[in-house]
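For reference, the structure is listed below as structure tokens.
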Amino acid sequence: MKYNHVEIENKWRKNWEDNPVNVDDGTKPKFYCLDMFPYPSATGLHVGHWRGYVLSDVLARYKMLQGFYVLHPMGWDAFGLPAENYAIKIGRHPKPTTDENVAAFKKQLQGISAVYDWSREVNTTDPGFYKWTQWIFLKMFEHGLAYEKEMPLNWCPSCKCVLANEEAASGQCERCQAVTTKKMQRQWMLRITNYADRLLEDIAKLDWPEKVKKMQADWIGKSYGAQLSFRVDGTDKQITVYTTRPDTLYGATFMTIAPESELVAQVTTEAQRAKVDEYVLTAGAKSAVDRQADRDKTGVFTGSCCVNPANGELMQIWVADYVLVDYGTGAIMGVPAHDQRDFEFASKFGLPIVNVIESEETKGKTSLIESYLGDGVFVNSPRWNGLDVAGAKEAAIAFAEEEGFGMRTVNYRLRDWVFSRQRYWGEPIPVIHCEHCGVVGVPENDLPVPLPDVEAYEPTDTGESPLAAIDEWVNVPCPKCGAPAKRETNTMPQWAGSSWYFLRYADPHNDEVLASKEALRKWLPVDYYVGGVEHAVLHLLYARFYTKFLYDIGAVEFEEPFKRLFNQGMILKNGAKMSKSEGNVVSPDGLIEKYGCDSLRMYELFVGPPEVDSEWDDSGIDGVYRFLNRLWKLVAEQWDKPAAPTAESEFLRNKMIYDITSRLDNLRLNTVVSGFMEYSNKLGELTRAQGGVDRKVFEDMITMLSPFAPHISEELWQRTGHAGSVFAGAWPTYDEAKLAQDSVEIALQINGKVRDTLDISVDNPKEDVLAQAREKLAAKLEGVSILKEVYVPGKIVNFVVKG
RNA sequence: GCCCGAAUGGCGGAAUUGGCAGACGCAAAGGACUUAAAAUCCUUCGGGGGCAACUCCGUGCCGGUUCGAGUCCGGCUUCGGGCACCA
């Protein structure tokens with residue numbers, strides 16, 4: 001009767017295959033428990049991947065025992081740059097390498113013994129799937145949300161590819177770390193900014209980690225301010241700026257425009273042209289990294305001035321690269337006294353600095369050494385002198401609106417989404433370019449536009465997609481007029497498939513719609529979404545955007561896809577994230593062989609709080625393996641010595657159920673595992689003390705253990721004479737009345753320091769307890785006077801003494 | 001620079017609303033069993049002092065509130081994460 005994990009786990013894997021335990025009988029409520037689907041890399045799964053998958057499976061099985069039918073699917077995010085780069089590296093086509101990686105991942109993933117419904121498996125590279133990825137794009141195109149734009153883009157010279165702002169966030173390619181440059185190119189864009197307000201407002205509805213909600217809000221970056229227009233002196237041209245500080249208008253002493261702005265050419269005088277052109281050229285050549293790292297202000301005077309509408313003063317117009325062309329209007333008013341960047345710029349180029357806010361801090365100072373950003377009383381501002389910042393803001397906006405040179409406005413940091421890639425391994429963008437009709441969407445009936453099978457899939461130096469070279473694919477008749485036309489050769493980014501895949505699981509084989517209304521109504525939205533925090537912004541924001549768009553066109557009936565989100569922490573090895581290049585990858589395969597899936601599942605949770613990064617230590621798994629062995633032995637030895645329930649066994653059982661359940665509900669899964677160890681130790685003690693124990697205690701423990709260690713639980717369930725699966729049962733419940741013990745041990749303190757303990761009956765009156773405590777501490781209380789006696793029922797007695 | 005989060009033994013961590021700090025494990029040491037090893041079982045395991053009963057110190061640092069602080073408040077330090085010339 002030894003615990004043989006290999007035999008037991010094989011037996012139950014087979015058994016579950018033949019007799020599924022997660023069955024929809026049509027009466028159960030649904031629970032949609034989703035993992036972020038993986039990109040199937042060639043490296044394979046490591047124990048870090050397992051963490052989230054184990055967590056979601058424990059949750060799924062717990063919900064099953066609570067009477068839910070659980071949708072717990074899995075699929076593959078298989079398009080995209082990493083898959084293509086890997087294929088190029090080993091000199092093979094991405095299609096077969098991706099298929100192989102998927103097969104290997106799937107085999108490995110099955111080692112977890114999760115209750116995945118493989119009949120719903122999806123793969124973003126499957127034409128039956130990307131047909132709908134293309135369909136969504138087509139709908140966005142029809143609704144004006146997808147558009148083409150010639151624009152300077154982040155170009156990675158190493159990947160030979162345009163990157164989204166998000167992929168080149170710090171001026172470096174997210175994938176290869178190469179420094180990116182700017183390149184003008186025609187791109188497809190998605191108007192995610194149209195949804196900025198809704199994406200921001202609905203964050204409040206989400207049961208997500210506060211951190212993630214804040215990151216999304218910051219990314220959208222809504223700010224409140226005003227647009228103000230300044231007339232260019234001697235012309236009737238206007239320069240409009242966006243500012244959050246219209247109140248400082250009297251302190252605006254110069255204007256600055258971004259080098260890339262169209263305004264530059266319009267305001268530059270003949271005399272300054274050569275200088276300005278040179279500056280614009282230099283600034284344009286600077287990479288994002290340089291522009292960030294090199295914070296020394298640079299700029300050049302355009303030769304023109306404009307007029308401050310508040311006081312009629314002339315303001316020089318400068319070009320400077322600290323102004324961003326794609327935020328606000330690409331032009332700012334320079335208020336050196338109350339903006340640190342403007343202060344640095346004005347100081348360097350000798351522009352006037354006019355203080356308009358006086359505070360205790362700045363009062364009496366004749367010259368500033370830095371800008372003042374705080375509140376205070378306005379000065380030098382005839383129309384709103386004496387007001388504070390909030391009041392001055394209102395006054396300034398009212399003034400601007402009255403005089404017609406400005407208005408209240410809001411602004412966002414969120415930019416439209418660069419949606420095209422000049423690469424092979426992605427969904428072809430389903431539009432056709434016709435000389436006569438312009439850009440024409442591929443008719444729905446012709447979807448999917450298949451990704452052609454080609455020999456040469458490497459990216460090109462020209463920045464054109466490899467698809468452009470395939471004449472027989474590119475040249476098609478225009479769907480509208482029939483004239484010769486050309487297909488769009490750009491593909492979609494990897495985000496495209498992952499922005500909606502969770503919908504497809506509801507109805508994965510539907511050929512008519514992306515998922516039927518009935519299926520969506522039944523399953524969506526996702527009740528629990530589990531994945532890494534690295535997707536806190538991009539994937540989750542894109543998926544929310546897609547969902548809102550699909551809601552608007554009536555394809556889905558909910559506006560938020562993921563009700564609840566959980567970010568598991570990373571598993572670290574030697575303090576670093578596991579990666580092939582670091583050489584610190586720990587594979588689950590050998591551990592399953594040696595200790596079994598059950599042990600590994602439990603250790604993944606035991607290693608630390610699930611939301612926190614944890615260092616992996618192979619030797620720790622011995623602890624849970626030993627625990628399972630001890631439990632196995634305990635059941636084997638004690639099951640046949642049943643006893644009637646006693647007060648002790650009932651307390652143990654109810655307390656166990658209460659503890660485990662509340663810890664599980666709060667996702668404190670590391671303490672659930674330690675709880676199992678603790679209670680099985682206690683159960684062992686009680687059994688030996690009583691010479692046997694109520695079988696119900698064992699039964700409840702095995703049932704609660706089953707989501708964590710499903711194989712051994714099934715085996716024990718069967719061996720203790722139960723027909724059918726442990727998962728056919730119900731999660732045990734506790735009796736509140738039995739959680740209270742008759743007697744408790746309380747601590748006795750003197751001046752807050754523990755001096756002794758005392759066993760008391762819980763209903764002992766206060767005076768009685770204090771008397772017992774005084775007696776027990778008699779020796780230590782001798783010769784001192786008791787100033788105060790504190791008794792917290794069931795917890796402590798504290799004597800405050802003097803002397 | 002701004003915004004979050006964290007800090008507890010040799011290690012991972014526990015302490016659910018302020019109430020016996022170190023649960024549960026790992027590692028280590030000693031012992032039992034064994035020809036031996038592995039496995040298993042038992043014991044010890046924050047630091048100082050003491051033969052001992054016991055006692056003092058101890059949750060990053062300084063201070064405060066409280067009968068009582070890992071937990072609350074104020075001020076720091078260090079580490080991790082996010083954003084970063086966003087006007």
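Reminder, nothing fancy here: chain letters follow the sequence lines and each chain counts from 1. Side chains are part of it too, since the values below use all heavy atoms of this structure and drop only hydrogens, waters and symmetry mates.
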Worksheet item: For the side chain of A/Glu745 and the base of B/rC20, is some donor closer than 3.5 Å to an acceptor across the two?
Response: yes
Worksheet item: On a plain distance test, is the side chain of A/Lys214 in donor-acceptor contact with the base of B/rC3 below 3.5 Å?
Response: no
Worksheet item: For RNA chain B, whose closest nucleotide is more 5', that of A/Asn798 or that of A/Arg245?
Response: A/Asn798
Taking any heavy-atom pair under 4.0 Å as a contact, classify [X]: base, sugar-phosphate, or nothing.
{"X": "A/Glu615", "result": "nothing"}
{"X": "A/Asn629", "result": "nothing"}
{"X": "A/Ser223", "result": "sugar-phosphate"}

Discussion item. In this structure, is the centre-to-centre distance between the rings of A/Tyr327 and A/Tyr412 below 6.0 Å?
Written reply: no
Item to complete: For RNA chain B, list all stems, counting runs of three or more consecutive pairs where every pair is Watson-Crick or G-U wobble with both distances under 3.5 Å.
Response: B:1-7 with B:77-83, B:10-12 with B:24-26, B:28-32 with B:40-44, B:46-49 with B:54-57, B:60-64 with B:72-76
Practice prompt. Scan residues 754-761 of chain A against RNA chain B and write down, sorted by residue number, each residue with any heavy atom closer than 4.0 Å; if none is found, say none.
Written response: A/Val754, A/Arg755, A/Thr757
Practice prompt. Establish, with yes or no, whether the OP1 or OP2 oxygen of B/rA14 is under 4.0 angstrom from a side-chain nitrogen or oxygen of A/Arg668.
Written response: no
Item to complete: Establish, with yes or no, whether the OP1 or OP2 oxygen of B/rC57 is under 4.0 angstrom from a side-chain nitrogen or oxygen of A/Lys753.
Response: yes
Worksheet item: Salt bridge check: are A/Glu604 and A/Arg51 linked by an N-O gap of less than 4.0 Å?
Response: no
